A.B. asks: 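I have a structure I would like to understand better, so I am pasting it below and will then ask my questions one at a time.
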Amino acid sequence: MKVYTLYSSRTDGDMFIEAVFSSYSALVTWLEVRVCKVQELGTHSQLEDQSAGWFDTPSKDGVYYSYEAFDVIGEHSHKTNTIQFKEI
């Protein structure tokens, strides 16, 4: 499974982890509920291997958003809203 880490940054270059999601759709939903409509963030650019992406336009607060996808061995439980990592 993939885990998506959402980053925020202002023009000063400091980057912060906003949240971690178990799906890309959860990431987009969080942005739409908490920040603004994703369409307002402009063009969505993505690396060829889809391991990372960013939005070209800042939010109304001047914050830029990007994300990175990581492969993990585990599963997400919708009942407990947790990720259970499996031992190798």
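In this chain, numbering begins with 1 at the start of the sequence shown. Computed from a predicted model, the values in this text were never measured in an experiment.
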A.B. asks: Which pair of heavy atoms, one from Ser8 and one from Val63, lies closest together, and at what distance?
C.D. replies: CB-CG1, 3.5 Å
A.B. asks: Can you list the residues that meet the side chain to side chain donor-acceptor pair (under 3.5 Å) rule with Thr80, with sequence neighbours excluded?
C.D. replies: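 Partners of Thr80 by the side chain to side chain donor-acceptor pair (under 3.5 Å) criterion, ordered by chain and then number, come out as Ser77, Thr82.
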A.B. asks: When rounded to the nearest 0.5 angstrom, what distance separates OG in Ser51 from CD in Glu68?
C.D. replies: 6.5 Å
A.B. asks: Do Phe70 and Ile17 land in one hydrophobic cluster if side-chain heavy atoms of ILVMFWY residues count as linked below 4.5 Å?
C.D. replies: yes
A.B. asks: Kindly indicate whether the side chain of Val20, heavy atoms from C-beta on, has any atom under 4.5 Å from the side chain of Tyr4.
C.D. replies: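 In short, these two side chains do not touch, never coming nearer than 4.5 Å.
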A.B. asks: What is the distance from atom OG of Ser59 to atom CZ of Arg10, rounded to the nearest 0.5 Å?
C.D. replies: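 If we round to the nearest 0.5 Å, Ser59:OG and Arg10:CZ are 7.0 Å apart.
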A.B. asks: Nearest 0.5 Å, what's the OH-CZ distance between Tyr65 and Phe55?
C.D. replies: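 Answer for the OH-CZ pair, Tyr65 versus Phe55, is 10.5 Å.
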A.B. asks: With clusters defined by side-chain heavy atoms of hydrophobic residues (ILVMFWY) lying less than 4.5 Å apart, directly or transitively, does Val33 cluster with Val35?
C.D. replies: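 The answer is no; the residues belong to distinct hydrophobic clusters.
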A.B. asks: Closest approach of Ser23 and Ala26, non-hydrogen atoms and distance?
C.D. replies: OG-N, 3.1 Å
A.B. asks: Distance from Thr29 atom OG1 to Arg34 atom CZ, nearest 0.5 Å?
C.D. replies: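 One finds 12.0 Å between OG1 of Thr29 and CZ of Arg34.
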A.B. asks: Hydrophobic clusters here meaning ILVMFWY residues chained together by side-chain heavy-atom distances under 4.5 Å, can you tell me if Phe21 and Tyr64 are in one?
C.D. replies: no
A.B. asks: With sequence neighbours excluded, tell me which residues meet side chain to side chain donor-acceptor pair (under 3.5 Å) with Asp61.
C.D. replies: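 Partners of Asp61 under the side chain to side chain donor-acceptor pair (under 3.5 Å) test: none.
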